[in-house]
Protein chains: 2
Amino acid sequence: MESGNAYYTILLADDHALIRHGIRNLISNNPALKVVGEVGDGEQLLEFLKTTQPDLLILDISMPKLTGIEAVSRVKKNYPDVKILMLTMHKNKQYFYHAMSAGADGYLMKEDSDEELLLAIKRIQDGKSYLSPFLSQDFADDVISAYRNNRSSPFETLTKREREVLNLVVEGHTSKVMGDILCLSPRTIDHHRANLLRKFDMKNSVDLVNFAVRNGFVTPSD
Amino acid sequence: MESGNAYYTILLADDHALIRHGIRNLISNNPALKVVGEVGDGEQLLEFLKTTQPDLLILDISMPKLTGIEAVSRVKKNYPDVKILMLTMHKNKQYFYHAMSAGADGYLMKEDSDEELLLAIKRIQDGKSYLSPFLSQDFADDVISAYRNNRSSPFETLTKREREVLNLVVEGHTSKVMGDILCLSPRTIDHHRANLLRKFDMKNSVDLVNFAVRNGFVTPSD
DNA sequence: TCTCTTCTGGGTATATATACCTAGAGGAAA
DNA sequence: TTTCCTCTAGGTATATATACCCAGAAGAGA
């Protein structure tokens with residue numbers, strides 16, 4: 001990175017080319033900003049960062065091969081100077097909390113206007129954080145109290161097996177079928193699913209699926 | 001509508017302002033096209049059409065207050081001259097079939113490039129139909145055979161009650177709770193849910209939820 | 001070594017969902 | 001009227017999920 005760079009450099013990460021190009025167009029209206037790259041999934045993102053670190057990464061939650069949240073953790077660990085603006089379509093308390101814990105600097109909704117996008121970039125550029133007005137009012141109190149209670153996010157503690165089972169639950173399999181797929185007893189599947197329900201504080205698999213899909217833990221099954 | 005209009009007029013319907021503006025920017029690169037309006041939900045869409053009918057409606061599937069598919073039916077019924085380009089993030093056989101049955105003229109994915117967007121507009125402008133390259137190869141055969149067999153789409157036959165129950169199923173409620181909400185016996189809920197499973201050929205509620213969300217029957221619960 | 005966590009899987013019990021069946025009330029259409 | 005569909009709701013049976021209990025094996029780390 002050139003320290004004397006005149007531009008504020010931005011990398012776009014979103015699996016939808018149309019949306020990437022649309023945002024690039026919006027950003028290009030501001031001559032002080034420069035989009036230095038676009039990537040469509042998590043692998044491309046990590047590959048890109050090996051050679052070039054932008055000032056700001058605009059990151060969609062629902063990316064293939066690496067969920068947005070995991071991407072935040074990885075990027076912040078390896079490149080702590082890269083700021084991250086999360087872009088999401090979902091209003092969700094838990095997800096916002098999750099994104100903040102992982103190290104995101106800003107949180108923008110796709111419902112927001114393009115003026116909000118530029119405002120978010122400006123605030124992060126100035127070393128501040130940004131929260132979508134769709135969320136700030138409703139959730140600020142919850143977030144603050146959560147931090148005060150020093151509660152650790154459940155998102156960090158999902159084990160490998162639990163992630164595997166979660167993906168199969170989303171696909172609508174029964175314990176027996178999941179056991180066959182993973183070569184495990186259906187009782188073990190039950191155990192992992194029960195842990196998932198407990199960790200996310202959900203009461204049944206439908207809620208679990210909604211939650212997991214909304215929060216980018218899994219890609220909705222096609 | 002002025003018959004001597006020099007522009008090809010376009011209306012954007014998507015609940016995400018950022019995406020709307022991004023697409024508007026992309027379209028504005030072509031001087032022959034003119035975006036005459038933007039709406040964020042189904043109510044606004046119907047309201048807008050009362051006064052102005054564009055040549056082309058670019059319509060996202062996951063809109064509040066009126067699902068994309070229902071919107072297609074309504075628009076085509078009242079304004080048969082308005083062409084419709086569906087814009088979706090989901091690759092899905094059944095949904096594509098559904099959209100075609102409802103009268104969509106084109107089917108574009110958000111994964112497609114902006115060049116594809118302009119190509120899609122051009123083809124529809126020329127009176128042809130358009131299908132995203134993401135789908136054309138995989139699904140063309142299925143679609144053709146489905147039409148040959150003259151199979152009727154199950155999507156048209158959902159009753160009002162079934163839609164209500166479907167929405168509650170997506171929210172993860174039990175039969176008892178749904179019965180309380182709708183003031184019905186849980187057994188009646190069971191009956192409607194069983195009909196939904198049968199009509200969509202699904203085996204359990206998780207599959208039903210995935211299917212319904214993917215296909216725009218319901219908005220994923222927040 | 002001791003401790004902790006994960007992964008494994010069984011016992012037991014209850015709750016819920018799913019798959020069949022039946023059947024009456026009401027509305028719409030032929 | 002007759003027919004068809006929807007909505008209602010119950011009977012019965014099985015399948016599955018969920019919530020507790022238990023415990024041993026394996027690995028990581030202090």
Side-chain angles (χ1 to χ4, degrees), chain A residues 70 73 77 101 150-213 217-218 221, chain B residues 70 73 77 151-213 217-218 221:
Chain A
E70 288 172 335
S73 302
K77 183 177 173 186
S101 301
N150 218 6
R151 249 184 283 149
S152 69
S153 168
F155 298 86
E156 309 303 326
T157 65
L158 275 201
T159 68
K160 187 159 168 279
R161 267 292 193 234
E162 283 165 356
R163 283 176 189 274
E164 288 176 336
V165 172
L166 178 56
N167 274 282
L168 293 174
V169 169
V170 168
E171 290 173 8
H173 302 296
T174 65
S175 297
K176 185 176 179 310
V177 172
M178 291 189 265
D180 290 343
I181 292 174
L182 296 180
C183 297
L184 293 175
S185 159
R187 303 310 311 282
T188 304
I189 303 295
D190 288 343
H191 173 84
H192 290 306
R193 187 183 42 220
N195 279 343
L196 287 165
L197 291 174
R198 181 181 47 77
K199 285 187 176 181
F200 289 135
D201 193 25
M202 296 286 154
K203 284 181 181 169
N204 57 60
S205 292
V206 168
D207 284 333
L208 184 61
V209 167
N210 281 327
F211 184 80
V213 170
F217 278 94
V218 297
S221 62
Chain B
E70 287 173 336
S73 302
K77 183 178 174 187
R151 249 184 284 146
S152 70
S153 167
F155 299 86
E156 310 303 326
T157 65
L158 275 199
T159 68
K160 186 158 167 280
R161 266 290 193 236
E162 284 165 354
R163 283 175 189 276
E164 289 175 335
V165 172
L166 178 56
N167 274 282
L168 293 175
V169 170
V170 168
E171 290 174 10
H173 302 297
T174 65
S175 297
K176 184 176 180 308
V177 171
M178 291 189 265
D180 290 343
I181 292 173
L182 296 179
C183 297
L184 294 175
S185 160
R187 304 309 311 277
T188 304
I189 303 295
D190 288 342
H191 173 84
H192 290 306
R193 187 182 42 215
N195 279 342
L196 287 165
L197 291 175
R198 182 181 48 76
K199 285 187 176 181
F200 289 134
D201 193 26
M202 297 285 153
K203 285 181 180 169
N204 57 60
S205 292
V206 168
D207 284 332
L208 184 62
V209 167
N210 280 327
F211 185 81
V213 170
F217 278 93
V218 296
S221 62

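Below, chain A is the first sequence line, B the second, and so on; all start at residue 1. In what follows, every heavy atom counts, from backbone to side chain, and hydrogens, waters and symmetry copies are set aside. As the structure is a prediction and not an experimental result, all values here were calculated from the model.
- Here the P atom of nucleotide dA17(C) and the CG atom of L196(B) are 14 Å apart, to the nearest Å.
- Judged as a side chain to side chain donor-acceptor pair (under 3.5 Å), not a single pair has a partner in residues 177-188 of chain A (not counting sequence neighbours).
- Taking the side-chain hydrogen bond (donor to acceptor under 3.5 Å, both in side chains) definition, one finds that R193(A) meets it with S175(A), D190(A), sequence neighbours left out.
- As a whole-Å value, the separation of D207(B) CG from dT18(C) P is 10 Å.
- In this structure S205(B) satisfies the side-chain hydrogen bond (donor to acceptor under 3.5 Å, both in side chains) test with no other residue, sequence neighbours excluded.
- If you measure from atom CG of N195(B) to atom C1' of dT6(D), you get 10 Å, rounded to the nearest angstrom.
- Rounded to whole angstrom, the span from the CG atom of N204(B) across to the C1' atom of dA15(C) amounts to 17 Å.
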Exercise for the section: Assess whether side-chain contact (heavy atoms from CB on, under 4.5 Å) is satisfied between E162(A) and V165(A), documenting all intermediate values. Expected result: CA-CA 5 Å; E162(A) 283 165 356; V165(A) 172; 5.8 Å; no
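- Listed in residue order, the members of residues 173-183 of chain A having a heavy atom less than 4.0 Å from DNA chain D are H173(A), T174(A), S175(A).
- Looking at every heavy atom in both residues, L184(A) comes nearest to I189(A) through CD1-CD1, 4.3 Å.
- Judged as a side chain to side chain contact (heavy atoms under 4.5 Å, CB included), and not counting sequence neighbours, the contacts of H173(B) are L168(B), E171(B), V177(B), M178(B), I181(B).
- If you measure from atom CG of L166(B) to atom C1' of dC7(D), you get 17 Å, rounded to the nearest angstrom.
- One finds the CG atom of L182(A) at 5.5 Å from the CZ atom of R161(A) (value rounded to the nearest 0.5 Å).
- A pairwise comparison of heavy atoms in D207(A) and N204(A) identifies N-OD1, 2.9 Å as the closest pair.
- What separates NZ of K203(A) from C1' of dA15(C) is a distance of 13 Å, to the nearest Å.
- Among dT18(C), dT18(D), dT8(D), the nucleotide with an atom closest to any side-chain atom of R161(B) is dT8(D).
- Residues from residues 185-194 of chain A that place a heavy atom under 4.0 Å from any atom of DNA chain D, listed by number: R187(A), D190(A), R193(A).
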